[in-house]
Amino acid sequence: MKIVSYNVNGIKARLPRLIEYLTEQQPDVVCLQELKSADEGFPEADIRAAGYGAVWHGQKGFNGVAILAKGADPVERKRGLDGEPEDEHSRYIEAEVNGVTIASIYLPNGNPVPGPKFDYKLRWIDRLSRQALTLLAEERPVVLAGDYNVIPNDDDTFSVRAMASDALMQPESRQGYRALLAQGWTDALRTRFPTGGVWTFWDYQAGAWQRDAGFRIDHLLLSPQAADRLISAGVDKEYRGREKASDHAPTWVRLRG
DNA sequence: ATGACAGAGTGCCTCTGA
């Protein structure tokens with residue numbers, strides 16, 4: 001069972017790339033982020049024609065998350081996180097697919113630091129952690145997949161110096177991520193590449209892709225019951241080099257069953 | 001210290017992202 005996290009940076013602009021990816025890789029589940037589309041603009045028919053059912057939580061212009069499943073309709077369990085009823089950002093959706101609970105997560109970027117956006121990021125990590133604890137208590141296979149906007153370790157970026165003042169690498173951001181892992185989640189890519197050097201994002205600017213100046217911010221966190229089934233994990237890096245690519249590459253795990 | 005890309009809406013500039 002191949003489960004993918006893919007920040008598409010605009011579902012409309014990326015639709016040909018996404019359909020191409022589904023056709024070529026035939027992943028079982030794909031968690032999308034940054035749809036940048038209202039609910040009614042989601043290209044459900046194109047995705048269904050490619051063989052995938054979907055649930056989505058859109059928003060005009062920014063944010064937006066979705067979960068796709070091959071030959072199945074994901075059963076939605078939750079959209080949005082508890083704790084801030086006034087928060088209207090579409091950043092979390094959770095569904096059941098073939099006995100696995102899947103969440104598609106788009107954690108706030110948080111720049112500039114300091115400021116209200118950074119404060120929102122840290123609060124959002126806390127809210128996610130509360131939901132994660134609830135899921136762990138169910139003692140079932142769970143995959144929390146998404147763009148976490150956190151560079152967990154120094155070896156998860158091409159340059160510590162270049163990113164030092166960025167919200168993605170602040171001690172508070174990392175602490176929030178570590179606290180989440182400490183609940184009992186497994187960072188699947190980290191187990192596969194424990195010394196780092198694997199990127200999931202390359203900026204469009206300054207020739208970052210050509211220089212391989214990337215970092216790892218897209219993560220798949222596994223509950224113990226999912227981690228027991230982990231076969232492999234990786235990044236489908238070549239899709240970042242294609243025409244009209246997203247600035248993120250699809251990042252994935254393969255689970256038994 | 002600065003700017004460079006890209007997508008989408010407020011649309012040919014502005015806002016946001018990472």
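Just so we're on the same page: letters track the sequence lines, and every chain starts at 1.
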Side-chain donor-acceptor contact under 3.5 Å, A/Asp218 with A/Asn7: no
Sorted by position of nearest nucleotide on DNA chain B, 5' first, the leading residue of A/Tyr204 and A/Gly110 is A/Tyr204
Inter-nucleotide P distance (B/dT16, B/dG11), Å rounded: 15 Å
Would you please classify the geometry between the A/Tyr120 ring and the A/His89 ring as parallel, tilted or perpendicular, with 30° and 60° separating the classes? perpendicular
Sugar-phosphate, base or nothing in reach of A/Asp203, heavy atoms under 4.0 Å: base
Contact class for A/Lys244 (heavy atom, under 4.0 Å): base, sugar-phosphate, or nothing? sugar-phosphate
Between B/dT2 and B/dA8 - P atom distance, rounded Å: 30 Å
Provide the start and end nucleotides, 5' to 3', of the part of DNA chain B that has atoms under 4.0 Å from heavy atoms of chain A. B/dA4 to B/dA18
Residue pairs meeting side chain to side chain donor-acceptor pair (under 3.5 Å), one or both in residues 38-56 of chain A, sequence neighbours left out, come to A/Arg48-A/Asp73
Nearest-nucleotide comparison on DNA chain B, the residue closer to the 5′ end among A/Gln205 and A/Leu107: A/Gln205
Please determine, by modelled atom types, if A/Glu24 and A/Tyr239 share a side-chain donor-acceptor pair under 3.5 angstrom. yes
P spacing across the pair B/dT10 / B/dC15, given as an integer number of angstrom: 13 Å
For A/Asp247, answer base if it contacts any base atom (sugar-phosphate contacts may also be present), sugar-phosphate if it contacts only those atoms, and nothing otherwise; contact means non-hydrogen atoms under 4.0 Å. nothing
Give me the distance, rounded to whole Å, that separates B/dA18 from B/dT14 when you measure between the P atoms they each carry. 22 Å
Do you know which of A/Gln131, A/Arg79, A/Lys78 makes side chain to side chain donor-acceptor pair (under 3.5 Å) with A/Glu94? A/Gln131
P spacing across the pair B/dC13 / B/dA1, given as an integer number of angstrom: 32 Å
Is it true that A/Thr101 and A/Glu138 share a donor-acceptor pair across their side chains at a distance under 3.5 Å? no
Looking across every strand, which nucleic acid part, if any, lies under 4.0 Å from A/Asp166 by heavy atom: base, sugar-phosphate, or nothing? nothing
Joint hydrophobic cluster, A/Val55 plus A/Val29, side-chain heavy atoms closer than 4.5 Å: yes
